[in-house]
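Computed from heavy atoms alone, side chains included, the values below leave out hydrogens, waters and symmetry copies.
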Amino acid sequence: MITAPQLRAARSLLGIDQRRLAELSGLSVPTIQRMEASGAIIRGNVDSLMKLIAALEVAGIELIGEGAVSQGGGRGVRLKAGFGPARAPGADDAELGGSLP
């Protein structure tokens with residue numbers, strides 16, 4: 001399972017735009033855009049989600065599930081329990097609705 005914030009963070013860590021992720025995953029740019037605009041959990045068909053996750057893993061992203069411990073020892077990003085983008089200090093509406101490169 002992957003969430004929209006995880007997807008946006010993964011893409012940001014890789015320094016790629018939606019078009020490049022679409023190329024890597026074999027999905028269309030509008031599909032990537034819809035996935036990133038989803039609520040917490042990305043909605044999509046299983047085949048598209050599997051392509052997306054596979055592309056991120058090949059690119060070096062390790063998805064960390066809720067409550068899971070990262071065994072890889074690398075750096076990662078996750079939100080603390082109970083926090084969301086709307087509660088992040090200093091975040092404003094423009095930041096929340098903006099898109100990543």
**Q** Could you report the tightest heavy-atom contact between L52 and S25, atom names first, then the distance?
**A** CA-CB, 4.2 Å
**Q** For the backbone of V29 and the side chain of R19, can you confirm whether one donor and one acceptor N or O come within less than 3.5 Å of each other?
**A**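 No, because the side chain of R19 does not come within donor-acceptor range (under 3.5 Å) of the backbone of V29.
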**Q** Mind checking the CD-CD1 spacing from Q6 to I61? Nearest 0.5 Å is all I need.
**A** 10.0 Å
**Q** Closest heavy-atom contact between Q33 and Q18?
**A** CG-OE1, 3.2 Å
**Q** Could you state the interatomic distance from OG1 (T3) to CG (L7), rounded to the nearest 0.5 Å?
**A** 8.0 Å
**Q** Report the residues that fulfil side chain to side chain contact (heavy atoms under 4.5 Å, CB included) with T31, sequence neighbours left out, ordered by chain and then residue number.
**A**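 Side chain to side chain contact (heavy atoms under 4.5 Å, CB included) check on T31 returns L27, S28, R34, M35.
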**Q** How long is the span from the CG atom in L24 to the NZ atom in K51, to the nearest 0.5 Å?
**A** 13.5 Å
**Q** Give the intermediate values and the outcome of side-chain contact (heavy atoms from CB on, under 4.5 Å) for residues I2 and I53.
**A** CA-CA 8 Å; I2 182 172; I53 291 170; 4.3 Å; yes
**Q** Locate the shortest heavy-atom distance separating A59 from L14; write the atom from each residue and the value.
**A**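 Looking at all heavy atoms of both residues, the closest pair is O-CD2, 3.4 Å.
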**Q** Any sub-3.5 Å donor-acceptor pair from E57's side-chain atoms to L63's backbone N or O?
**A**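 No, the answer is negative, given that no donor and acceptor are paired below the 3.5 Å cut-off.
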